[in-house]
Amino acid sequence: MGWLHVEKPRSPPGGGVLRGYRPLRGGGPRATSPQGVGGGEYEWWTTELDKTRRLQCKLRHAWQSKRRLGGRSEEIARMAFHSVRARYRKMMVEAQQSHHMRVANSGNEDPWGMAYRVASEMVRPPANVINGIAFAGGHPDNIEAAMVNLMSALCPDDRPDHDMPYHQQVRLLAAFMPSGRAASPPAVEDLEVIVKALPNTALGLDGVSARIVKNVWMAAPRKFHSVYAKCVVEGVFPKVWKDGRLIVIPKGNDKPLTDAKAYRPITLLPVLGKVLERVMLRCASAISREISEHQHGFSPGRSTVTALRVLLSTARYSRACYVQTIFLDISGAFDNAWCPMMMVKAKRGGCPPNIYKMLVDYFTSRRVGLYIGDRVEWKTSTMGCPQGSVLGPTLWNVLMDDLLRLPLPEGVAMTAYAVDVTILIESNTRAGIESRARVTLDLVREWGLRNRLEFSSSKSTTMTIRGKLQRPPLLNLVENL
């Protein structure tokens, strides 16, 4: 199978699709470029490109520093940056084409040179290339089959036929609308705050940028507001704002590029849809108001720093002789989040009926499209929070909240940062650590079964952060998870 080039947004260095070759073994021409996507180098790189790249970075920093000030100085800095960036991208395309022509023509002079090494696969493709991904049925023999299999691996399907009686009850509860008072649409002033705070992120399939949305708001704020107010009143999330473009980004881990799990799926959604997601969060603020203080991810005032302080303070001020930590990894967390369970927990958190109806519509008939060259493959998304959405982090915190409220044994605490969970076990003996760990991990495993999430025993690990045991405690994560 040939190489599948996956276009990535803003691929380093500086944008564009980089298709250089990296020598697998010595003998190829050495590149003078910076590190590529996967840590390699590009043979077509030139010193002139390097100078232009540095100038582009300098102008980008200058523009970013003036964006808060606004006015004429910000506009001049923006125009200067975009001018140099356009020239830089054009230079990269010309350099690549010139290099490829030299490689092709070199076959006439040196039959065992670079052209031969490329054709015989003696060079390693860059990290933004999916090279013959392997699946359970072997390797696909065409691009369409590779696209279908890749999306099936990264975007799993909901399987009602695998439901236990508990899961059937959850689906039934999710089908009933909550009672209570409907949320009022946001005022014009509130919507203006949302629109003006939009970041300049990657575009969705409609090609509408945040800058365009802001200009539309300035031209017709009343009509703009009436559209979103009607969505809130009727509890509708327009279908055209739910379709997203799937971007596959290498994780940079030790997995081979032929493994579908070596890639992270990011969904580029329409900016207008993200505005409506922010409106939903504003209208249903109660669902995230009571999130556990032990969740440090996607929470105002908390971060990795506060999560680390919890670990350090426990190790420093604990009255027990030993403190053992267990770091748990949830397999494909965002991609495997179960929609009915998220809806039920959002309802329990006080979601207004019209916003709940909109949330149900948000999870219905979602599609993601994978583009490779002039081909596109669509897939209906029935599981997970789209990585790249605005609602995703809040819904994940709602889903995780009762995990952090489990009735843990004495001397055991749990903290989390987004999808990373840490268990802190205090005890004066090794046997005490082992006993408390077994009980806690059983509770965690049962929570995972209820929420249809799996913990990866191979990625989970344990470490003693206080005291020194002659023999480490026996914590069989494989059996307990």
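Being a predicted model, the structure only gives us computed values, none of them experimental.
Looking at every heavy atom in both residues, P270 comes nearest to D206 through CB-OD2, 3.5 Å. Taking every heavy atom of both residues into account, E426 and A320 meet most closely at CB-CB, 3.9 Å. Here the closest non-hydrogen pair linking S456 and S331 is CB-OG, 3.3 Å. The two atoms that bring L150 and A260 nearest to each other are CD1-CB, 4.1 Å, heavy atoms only. Closest approach of I355 to A284, counting heavy atoms only: CG2-CB, 3.8 Å. Contact detail for M147 and L370: the closest heavy-atom pair is CE-O, 3.1 Å.
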Before giving the answer on side-chain contact (heavy atoms from CB on, under 4.5 Å), spell out for D158 and W338 the whole-Å C-alpha distance, their side-chain angles and the decisive distance to 0.1 Å.
CA-CA 8 Å; D158 189 7; W338 191 34; 3.4 Å; yes

Could you go step by step and tell me if F298 and I291 meet the side-chain contact (heavy atoms from CB on, under 4.5 Å) rule?
CA-CA 10 Å; F298 315 128; I291 293 297; over 6 Å; no

Walk me through whether R438 and N476 qualify under side-chain contact (heavy atoms from CB on, under 4.5 Å).
CA-CA 8 Å; R438 280 194 298 270; N476 196 334; over 6 Å; no

Between V444 and V421, is the side-chain contact (heavy atoms from CB on, under 4.5 Å) condition met? List the steps.
CA-CA 10 Å; V444 170; V421 181; over 6 Å; no

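Between P472 and L469, the closest side-chain pair of non-hydrogen atoms is not below 4.5 Å. In this structure, the side chains of E277 and L269 come closer than 4.5 Å at one or more pairs of heavy atoms. Side chains of F327 and D420 form no contact here, defined as non-hydrogen atoms less than 4.5 Å apart. The shortest distance between side-chain heavy atoms of R452 and D163 falls below 4.5 Å. Proximity of L441 to L328: side-chain heavy atoms (C-beta onward) are separated by under 4.5 Å at one or more points. Between M358 and N354 there is no side-chain heavy-atom pair separated by less than 4.5 Å. Side chains of T304 and H296 form no contact here, defined as non-hydrogen atoms less than 4.5 Å apart. V275 is listed as a side-chain neighbour of L191, based on a closest heavy-atom distance under 4.5 Å.
Residues D401 and R348 are not paired through a salt bridge, judged by the lack of any N-O separation under 4.0 Å between the basic side chain and the carboxylate. Remark: R430 engages E434 in a salt bridge, criterion side-chain N to carboxylate O under 4.0 Å.
The distance from atom CG of L449 to atom CD of E454, rounded to the nearest 0.5 Å, is 8.5 Å. Atom OH in Y417 sits 12.5 Å away from atom OG1 in T422 (nearest 0.5 Å). Atoms NE2 and OG1, on H294 and T306 in that order, are 12.0 Å from each other to the nearest 0.5 Å. Note: E234 CD to K357 NZ = 7.5 Å, rounded to the nearest 0.5 Å. Note: L311 CG to T415 OG1 = 7.0 Å, rounded to the nearest 0.5 Å. One finds the CE atom of M151 at 8.5 Å from the CH2 atom of W378 (value rounded to the nearest 0.5 Å).
No more than 12 heavy-atom neighbours from other residues, nucleotides or ligands sit within 6.0 angstrom of CD on E293. No more than 12 heavy atoms of other residues, nucleotides or ligands sit less than 6.0 Å from atom CZ of R309. The number of heavy atoms from other shown groups lying within 6.0 Å of CD (E290) does not exceed 12. More than 12 heavy atoms of other residues, nucleotides or ligands sit less than 6.0 Å from atom CE of M177.
D329 places no side-chain N or O within 3.5 Å of a backbone atom of S460 that could act as its donor or acceptor partner. The closest donor-acceptor contact from the side chain of R278 to the backbone of L198 lies at 3.5 Å or more, if one exists at all. When atom types are taken as modelled, the side chain of H167 and the backbone of R450 share a donor-acceptor pair closer than 3.5 angstrom. Side-chain atoms of S299 come within 3.5 Å of backbone N or O of G297 as a donor-acceptor pair. Side-chain atoms of Y356 come within 3.5 Å of backbone N or O of A174 as a donor-acceptor pair. Although no hydrogens or angles enter the test, the distance criterion places a donor-acceptor pair under 3.5 Å between the side chain of H225 and the main chain of P186. Proximity of a side-chain donor or acceptor of N451 to a complementary backbone N or O of L453 within less than 3.5 Å is not detected. A distance-only check finds a donor-acceptor pair linking the side chain of K347 to the backbone of F176 [under 3.5 Å]. Not one N or O on the side chain of R85 forms a donor-acceptor pair closer than 3.5 Å with the backbone of Q56. Counting only distance, with no hydrogens or angles, the side chain of R78 and the backbone of W63 share no donor-acceptor pair below 3.5 Å.
Ring centers of Y228 and W241: under 6.0 Å apart, within the cut-off.
For the pair R366 and F363, the cation-pi criterion (under 6.0 Å, within 45° of the ring axis) is not fulfilled.
Here D361 pairs with K242 under the salt bridge (Lys or Arg N to Asp or Glu O under 4.0 Å) rule; sequence neighbours left out.
Between Q324 and T462, the side chains place a donor N or O and an acceptor N or O closer than 3.5 Å (distance only, hydrogens not considered). No hydrogens or angles considered: a donor-acceptor pair under 3.5 Å links the side chains of S285 and R289.
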